[in-house]
Amino acid sequence: MENSNQTSSNRFILLGLTNIPYLQAIYVSVFFVIYITTLSANSLFIIVVRINERLQTPMYLLLSNLSILDICLSSTISPRIMINTLSQDRSVSVLDCALQMFFNLAVGGTECLILAVMAYDRYAAICQPLHYNTVMNKTFCICVATGSWTLSFISAFLHVFFTFQLPYCRSHTVNHFFCEMPPFFRLSCRDTWPNELAVYITATIIAMCSFCLTLISYIHIISTILNFRSSEGRKKSFSTCTSHLTVVSLFYGTILLYMIPHSETSKQLQLFIRL
Ligand SMILES: *[C@@H]1O[C@H](CO)[C@@H](O)[C@H](O)[C@H]1NC(C)=O
């Protein structure tokens, strides 16, 4: 009895996706395909941008930053889900769990900030074309990119650190298929409101600032484009925004899904879109 308590004290049990064997097989294959696609598509993109001089623009460099983030996130989540489902062993170590939580938060925050920087880049390119090279110069780009990474990674570290300071005396069974903060808070026997408030405030600040910057940039971009004389010029300028707009809509679409009350399907849908 004592022994089993001790082993469970440094591991958590993830309830996983399903207990039905044939569904497990389907899930594992789907995760495998998604994971391999994510890895190869993103690596390919990073390599293409690296070796192609013409793609060394802020836009593509920032997109390859997003690719690295994608790889980090998938690699901390997908393999673990596949291993746990295949081995029927639902437990994860505290470190694994903390890493999943950390990357989930850190990657989300960094993506959000980098998308805002990319919106600013499109604003500079379309609304200030003559000053574009001075506004989006190399030092500025490196500073904002490094800033986004540092800010999100430090804040994620603090949140995860304080989450694992909580006493988990109630249960070690997480009703989810990877380690995420909200289901975790429900396991603690201490009041978790200070942690929840801190996460909520940080997420709101990061998401709101990025969303506003993105929105303001696009309001300027659209009003500038509408003032162009030729429809050819309009189309051409707008087409430089499409890759960014696609990523932005996917990202904020996922955030919206998060706000939908937690049903099983929405949780699974969120994860698939996220990966
Ligand atoms: C990330 O973005 C910064 C700023 O544009 C760039 O200097 C850096 O090379 C990018 N990293 C990668 C791996 O593309």
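When a ligand or atom number is given, it counts from 1 through the structure's own listing order. Residues take their numbers from the sequence shown, with the count starting at 1.
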Using 30° and 60° as the class limits, which term best fits the ring planes of F102 and F153: parallel, tilted or perpendicular?
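Perpendicular.
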Going by atom types alone, do R122 and T240 pair a side-chain donor with an acceptor below 3.5 Å?
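Side-chain D/A pair, R122 to T240: present.
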So is I46 touching ligand 1 or not, going by heavy atoms under 4.0 Å?
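So I46 does not count as touching ligand 1.
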If you measure from each non-hydrogen atom of V49 to ligand 1, which part falls under 4.0 Å: side chain, backbone, both or neither?
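For V49, there is no contact with ligand 1 at all, from either part.
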Given that the side chain starts at C-beta and the backbone is N, CA, C, O, which of these parts of K138 lies under 4.0 Å from ligand 1, counting heavy atoms, or is it both or neither?
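Looking at K138 and ligand 1, no heavy atom falls under 4.0 Å.
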For ligand 1, which atoms sit closer than 4.0 Å to a heavy atom of C141?
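Answer, ordered by atom number: 4 (C), 5 (O).
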A145 heavy atoms, cut-off 4.0 Å: which ligand 1 atoms fall inside?
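In order of number, 2 (O), 3 (C), 4 (C).
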Which is it for Y35 and F32 under the ring pair (Phe, Tyr, Trp, His ring centres under 6.0 Å) test, yes or no, and what are the steps along the way?
CA-CA 5 Å; Y35 183 55; F32 185 75; 7.9 Å; no
Testing I81, L86, L23, I83 for side chain to side chain contact (heavy atoms under 4.5 Å, CB included) with V28, which one passes?
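Answer to the side chain to side chain contact (heavy atoms under 4.5 Å, CB included) test with V28 among I81, L86, L23, I83: L86.
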What's the shortest distance from [atom] to any protein heavy atom, and which residue and atom give it?
atom: atom 13 (C) of ligand 1; answer: I68 CD1, 3.3 Å
atom: atom 7 (O) of ligand 1; answer: I142 CG1, 3.6 Å
atom: atom 9 (O) of ligand 1; answer: R50 NH2, 3.5 Å
atom: atom 14 (O) of ligand 1; answer: S64 OG, 2.7 Å

Does atom CD of E232 have more than 12 heavy-atom neighbours from other groups under 6.0 Å away?
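Not more than 12 within 6.0 Å, no.
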Criterion side-chain hydrogen bond (donor to acceptor under 3.5 Å, both in side chains) on Y120 and H220, from CA distance to verdict:
CA-CA 10 Å; Y120 183 73; H220 281 285; over 6 Å; no
Tell me which one of T57, N65, L61 gets a heavy atom nearest to atom 1 (C) of ligand 1.
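Among T57, N65, L61, the closest heavy atom to atom 1 (C) of ligand 1 comes from N65.
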Shared hydrophobic cluster, L55 / I142 (ILVMFWY, side-chain heavy atoms < 4.5 Å)
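No.
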